[in-house]
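Here is the structure we will look at.
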Amino acid sequence: MKSIQAIRGMNDCLPEQSPLWQYVEGAIRDTVASFGYSEIRTPIVESTDLFKRSIGEVTDIVEKEMYTFSDRNGDSLTLRPEGTASAVRAGIEHGLLYNQEQRLWYMGPMFRHERPQKGRYRQFHQFGVEAYGLAGPDIDAEVILLSASLWDKLGIKDNVTLELNSLGSNEARANYRDVLIAFLEKHIDVLDEDAKRRMYSNPLRVLDTKNPDIQAVLKDAPRLHDYLDDESKAHFEGLKALLDSVGISYRINERLVRGLDYYNRTVFEWVTDSLGAQGTVCAGGRYDGLVEQLGGKATQGVGFGLGLERLVLLVEALAKTEQVKSAVDAYLCPMGEAAEGQAFVLAQQLRSQLPGLRLMCHCGGGNFKKQLKRADKSGARWALILGDNELAEGLVTVKDLKEGSQLSLPMAELASHLEQR
Ligand code: ATP
Ligand code: MG
C-alpha cells in the first residue's frame, strides 16, 4: 500500500533535531523571563474576519496565503497566519488592555500557503512579544533590546543587522500616500501587475517591491521621512537615543514598510545574509490603532514576530552549540536476570535523587556489546553497568562514553558521583 506523506511545506521535527529546537526555545524562555514578560496562549484557529480586519485585505497574507475553511456550522475559520491579531483579540475579550499595561509573549505554529523553500514553510513557528498600553519610545527600545539579548544568548549577534524606520502617524502617512500615488501614476508604464493593483489601495507596499525596474524608479520617489509629523519624529529620535545608550547599532531603511497594514511609527526588522533569500529573522513595530480597529478601546501596542525555523537554521550554521544536549545523560545497562530486576528499581531511585538527570534504562535484554551499542546510540555521556557480579558486591560500573575511562563504585555513592559530573 502507498504510504501517506506529510503535507507539503509542513515539517516533522525529528528526534535528532529536537534538542536544538529545545535549546533555542529554552533561550527564548530565559530571555522573556529576564524581562518580566508573561506568556499568552491562544487557539490556532480563529474567525477569518479577525485576520482580514487586522492584517488588511490588500496584503500578501490575506490575499493569497491564508488557510481558510468552513467548519461544519458553515462558519469561516482560518488557521492563524501570525500571532498579533489573536493576542489583541484575546486582550480585548478578557479585558486585559484598556487602561492597563501588558508585556506578553507567545510561541507556536503559524500557517501560510506559500511556496515552500529553505526558510519558508506552510506550517512554521513564531515566537513573538506584544506590549500594550505604553506610548513612548522606551517600550519600542525595550522589545528591540529583548530581541538583541536573545541573539547574544544564542551567539549570533554578529550575524544579524537591525533595520529601522518610522512610518509616522496615520495623518502623515495619508498625506504621503497622496504624493506617492501621484508619483506612481507618472511611472505607471514601469509598474507590474502587483504594483498597479496596490497603488491605490496600499501604495506604501509598492515601496518594498522586489522588482528591480520598479526599485530603480523609486529612487526618485518622494520620501516618507519628509512627511513625518513632529511627534513621530521626536518618538523616532527618542528610540534611536535609547538604542545608542545600550550599544545596539541599526541601519535606517526608509523603504521598510512591512507587509501588514496595522503598523504606525516604529517598524524594524532583524536581517541576515547567512540564510540566502529568506533573510528576515525577526520583524515588528508599533501598532497603536489595531486594538480600536478590532473593537477595543484605543490602546497602544508594539511587538515583533520571529521565525523559529530561520533562527534554528542560523544557530545551527553559525553558533557554537556545545550547550545543545542529547536527550539522555546516562544509560543503565543491566547484565543478567537478577540485575534486570534491580536496575528497574535503581533507575527510579536515581531519578528521584537527581531530578536533573536524564536517565534511560535499557529494555529487552541482550549481551554486553548490544547494550553498550544502545548506550552509545542514546547519546548518553555515561553507561551505568550493573552485572550480576557487581550486584553481588553492591557495586555499579560507570563508563564514561566520551573519554572511554571507567570505574566501579558502591551503589550508595552513585548518585553523588553523577551529581558531581
Ligand atoms: P517574508 O518577507 O519573509 O515573507 P513576512 O513579512 O511575511 O516575511 P512576518 O509576517 O513579519 O513575515 O513574520 C515574522 C517572521 O516570521 C519573519 O520575519 C520570518 O522570520 C517568519 N516567517 C514568515 N513567514 C514564514 C514562512 N512561511 N516560513 C517560515 N518563517 C516565516
Ligand atoms: Mg511573507
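Nothing fancy with the numbering, it's 1 onward along the sequence. Side-chain atoms are counted along with the backbone in the values below, which use heavy atoms only and exclude waters and symmetry mates. First listed ligand is number 1; within each ligand, the first listed atom is number 1. The structure presented is a predicted model; accordingly, all values stated were derived computationally and were not measured.
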Whether over 12 other heavy atoms sit under 6.0 Å from I7 CD1: no
Is there a polar contact, in the sense of an N or O pair closer than 3.5 Å, between G305 and ligand 1? no
Using a 4.0 Å cut-off to any heavy atom of G307, which atoms of ligand 1 qualify? 15 (C), 16 (O), 20 (O), 21 (C)
Would you mind running through ligand 1 and noting each atom that sits below 4.0 Å from a heavy atom of A283? 11 (O)
Do you see a donor-acceptor pair shorter than 3.5 Å between the side chains of D140 and T266? yes
When you compare ligand 1 with Y121, is there at least one nitrogen or oxygen pair between them that comes in under 3.5 angstrom? yes
For R310, is the nearest heavy atom under 4.0 Å from an atom of ligand 1? yes
Hey, is E46 close enough to R89 for a salt bridge, meaning N to O under 4.0 Å? yes
Nitrogen or oxygen atoms of K210 and ligand 1 under 3.5 Å apart: no
Sub-4.0 Å heavy-atom approach of R120 to ligand 1: yes
Side chain, backbone, both or neither: which applies to Q126 and ligand 1 if a contact is any heavy-atom pair less than 4.0 Å apart? side chain
D178 versus Y227, side-chain donor and acceptor atoms under 3.5 Å: no
For residues H187 and D220, is any side-chain donor paired with an opposing acceptor at under 3.5 Å? no
Counting each atom of ligand 1 from 1 as listed, which ones have a heavy atom of V281 under 4.0 Å away? 18 (O), 20 (O)
Using a 4.0 Å heavy-atom cut-off, say whether R112 meets ligand 1 through its side chain, its backbone, both or neither. side chain
Would you kindly say whether S70 and S76 are connected by a side-chain donor-acceptor distance under 3.5 Å? no
Assess the side chains of R374 and Q371: does a donor N or O sit below 3.5 Å from an acceptor N or O? no
